[in-house]
Peer 1: 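After the structure tokens below, expect a handful of questions from me.
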Amino acid sequence: KKLGFAIVGLGKFAQQQMMPAFKECKHARITALVSGSPDKARKLAREYGVEEKNIYSYDNFDSIKDNPAVDVVYIVLPPGLHAEYTIRAAKAGKHVLCEKPMANSVADCQKMIEACEKAGKKLMIAYRAQFEPFNLDAIARIKKGELGKLRQITADHGRSVKPTEEPAEAWRVQKKLAGGGSLMDIGIYSLNATRYLTGEEPVEVTAQEFSDKSDPRFKEVEDTIHFTLRFPSGVLASCTSSYSIQEVKRFRAFGDKAWLDLDPATDYYEHHMTIGDKDGKRQPKIKEGNQFAAELDHMAECVLQNKTPKTPGEEGLKDIRLVMAIYEAARTGKRVKV
Ligand code: NAD
């Protein structure tokens with residue numbers, strides 16, 4: 001059985017990555033579109049075989065409650081709108097898949113979790129890397145002890161944000177819509193990776209930030225932020241996030257026997273693993289897989305089998321709590337216990 005998904009926000013990521021991925025899904029299909037641009041919605045509806053009566057605007061979105069063709073609402077709006085649309089979807093009696101970062105504040109994350117609980121609906125945060133084969137393979141190798149005892153992790157995410165050249169970048173430098181700068185948008189991949197690679201929750205963070213305030217991009221949000229995380233087992237993670245460097249999406253986990261590198265680690269399609277030990281370096285062969293389709297099918301399976309998603313609202317909340325602790329550490333220059 002395929003569940004019906006309503007796509008809320010037909011922007012760059014929805015159109016270029018997620019909507020095409022439905023073609024590879026076993027349990028998910030697009031049955032409705034929610035957009036502020038009727039022409040764009042009609043064009044995409046034709047392309048994806050969505051009935052015109054299942055096109056909604058942001059104003060009449062709540063009437064989606066009367067549409068049995070929609071089981072899951074997938075929110076692909078800027079983060080500042082995630083809480084509002086998750087709560088409206090839950091009130092409409094729909095399950096929710098929401099893009100990362102979950103929301104702009106811990107309080108909003110909690111409201112989203114409560115709204116879905118109250119409605120008896122699933123809430124999943126779209127952490128695609130946790131459905132990506134190279135990342136899953138890395139987690140399995142660390143768990144099996146292939147690296148020996150895990151001691152440290154480094155993780156870097158960066159790119160050059162260009163709000164004047166690219167429409168999808170305009171909200172990314174506005175605090176109200178983005179919640180923050182590079183940390184909220186891409187540094188969160190470094191942060192989330194340290195948690196899924198260790199399988200632990202950090203207990204302490206430190207951070208430093210640098211943003212050139214004369215650069216109009218960084219009037220409201222941060223550019224570069226470095227942070228460290230201390231985990232209960234003693235693992236130390238050192239992470240970087242930047243909006244003004246050439247693109248990077250990588251991490252490396254270091255054990256007392258070997259290290260494992262993914263570069264890129266969190267790209268859309270191509271990944272690369274290297275393992276180094278006393279005998280030298282090797283590149284294990286791992287089959288690429290469609291992480292977007294795997295994530296969508298997982299959401300559908302959780303609804304069909306009444307299971308808790310692997311990346312529920314609580315997973316998004318944990319990251320947002322840590323993001324706030326990192327901002328506090330950067331602002332105060334002090335270690336922050338979490
Ligand atoms: P985008 O700007 O291309 O898309 C956002 C959409 O929201 C647009 O269609 C825009 O018209 C619509 N929108 C509705 N109300 C708006 C408002 N008040 N202000 C601005 N836009 C409004 O951005 P995107 O890159 O597609 O990102 C959308 C979401 O997806 C974000 O939450 C982002 O973090 C997430 N994302 C996730 C990944 C991933 O790999 N998981 C990658 C890119 C983006």
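First listed ligand is number 1; within each ligand, the first listed atom is number 1. We use all heavy atoms of the structure for the numbers below, so side chains are in, but hydrogens, waters and symmetry mates are not.
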Peer 1: Is it the case that atom NZ in Lys219 sees more than 12 heavy atoms from other parts of the structure closer than 6.0 Å?
Peer 2: yes

Peer 1: Considering Tyr58, Phe292, Phe13, Tyr127 one by one, which has a heavy atom nearer to atom 26 (O) of ligand 1 than any of the others?
Peer 2: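 Among Tyr58, Phe292, Phe13, Tyr127, the closest heavy atom to atom 26 (O) of ligand 1 belongs to Phe13.
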
Peer 1: Just by distance, no angles: are the side chains of Ser242 and Ser182 close enough, under 3.5 Å, to form a donor-acceptor pair?
Peer 2: no

Peer 1: Which bit of Arg128 gets closer than 4.0 Å to ligand 1, counting heavy atoms only: side chain, backbone, both or neither?
Peer 2: side chain

Peer 1: Please state whether Tyr268 comes within less than 4.0 angstrom of ligand 1, counting heavy atoms only.
Peer 2: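 Flag set, Tyr268 near ligand 1.
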
Peer 1: Could you tell me whether Tyr85 and Phe61 have their ring centroids closer than 6.0 angstrom?
Peer 2: yes

Peer 1: Name the closest protein heavy atom to atom 16 (C) of ligand 1, giving the residue it belongs to and the distance to 0.1 Å.
Peer 2: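 Sorting protein heavy atoms by distance from atom 16 (C) of ligand 1 puts Leu81 CD1, 3.6 Å first.
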
Peer 1: Name the closest protein heavy atom to atom 13 (N) of ligand 1, giving the residue it belongs to and the distance to 0.1 Å.
Peer 2: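 Scanning the protein heavy atoms, the shortest distance from atom 13 (N) of ligand 1 goes to Leu77 CD2, 3.8 Å.
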
Peer 1: Give a yes or no on whether the ring-centroid distance for Tyr48 and Phe22 is below 6.0 angstrom.
Peer 2: no

Peer 1: Identify the protein heavy atom lying closest to atom 37 (C) of ligand 1, giving its residue, its atom name and the separation to 0.1 Å.
Peer 2: Glu99 OE1, 3.1 Å

Peer 1: Under 4.0 Å from atom 39 (C) of ligand 1, do we find at least one protein heavy atom?
Peer 2: yes

Peer 1: Starting from atom 21 (N) of ligand 1, locate the nearest protein heavy atom and write down its residue, its atom name and how far away it is, to 0.1 Å.
Peer 2: Pro78 CG, 3.5 Å

Peer 1: Check for me whether Tyr189 has a heavy atom closer than 4.0 Å to any atom of ligand 1.
Peer 2: yes

Peer 1: Please state whether Lys40 comes within less than 4.0 angstrom of ligand 1, counting heavy atoms only.
Peer 2: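 Per 4.0 Å heavy-atom rule, Lys40 contacts ligand 1.
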
Peer 1: To which protein heavy atom is atom 34 (O) of ligand 1 closest, and what is the distance rounded to 0.1 Å?
Peer 2: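 Minimum-distance protein heavy atom for atom 34 (O) of ligand 1 reads Lys100 O, 2.9 Å.
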
Peer 1: Within the 4.0 Å heavy-atom shell around Leu10, which atoms of ligand 1 are there?
Peer 2: 9 (O)

Peer 1: State whether a side-chain donor-acceptor pair under 3.5 Å links Thr154 with Gln152.
Peer 2: no

Peer 1: What residue and heavy atom of the protein are closest to atom 44 (C) of ligand 1, and at what distance?
Peer 2: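 I find the closest protein heavy atom is Arg172 NH2, 3.4 Å.
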
Peer 1: What protein heavy atom sits nearest atom 19 (N) of ligand 1, and how far off is it?
Peer 2: Leu177 CD1, 3.7 Å

Peer 1: Has His82 got any heavy atom lying under 4.0 angstrom from an atom of ligand 1?
Peer 2: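 For ligand 1, residue contact (heavy atoms, under 4.0 Å) with His82 is present.
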
Peer 1: Mark yes or no: Lys100 above the aromatic ring of Tyr189, with NZ or CZ under 6.0 Å from the six-membered ring centre and no more than 45 degrees from the axis.
Peer 2: no

Peer 1: If you have a sec, work out which protein heavy atom is nearest atom 28 (C) of ligand 1 and how many Å separate them, to one decimal?
Peer 2: Val76 O, 3.1 Å

Peer 1: Please check if the side chain of Arg217 supplies one atom and the backbone of Val161 the other of a donor-acceptor pair under 3.5 Å.
Peer 2: yes

Peer 1: Kindly give the heavy-atom pair with the smallest separation between Lys122 and Cys302, and that separation in Å.
Peer 2: CE-O, 3.5 Å

Peer 1: With a 4.0 Å cut-off on N to O distance, would you call Arg141 and Asp137 a salt bridge?
Peer 2: yes

Peer 1: Any luck finding a side-chain donor-acceptor pair between Tyr74 and Glu99 under 3.5 Å?
Peer 2: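 Checked: Tyr74/Glu99 side chains pair up, N/O donor to acceptor below 3.5 Å.
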
Peer 1: Applying side-chain hydrogen bond (donor to acceptor under 3.5 Å, both in side chains), run through Asp212 and Ser214 and close with a yes or a no.
Peer 2: CA-CA 5 Å; Asp212 177 358; Ser214 71; 2.7 Å; yes

Peer 1: Below 4.0 Å, non-hydrogen atoms only: which portion of Trp171 touches ligand 1? Side chain, backbone, both or neither.
Peer 2: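 Side chain only.
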
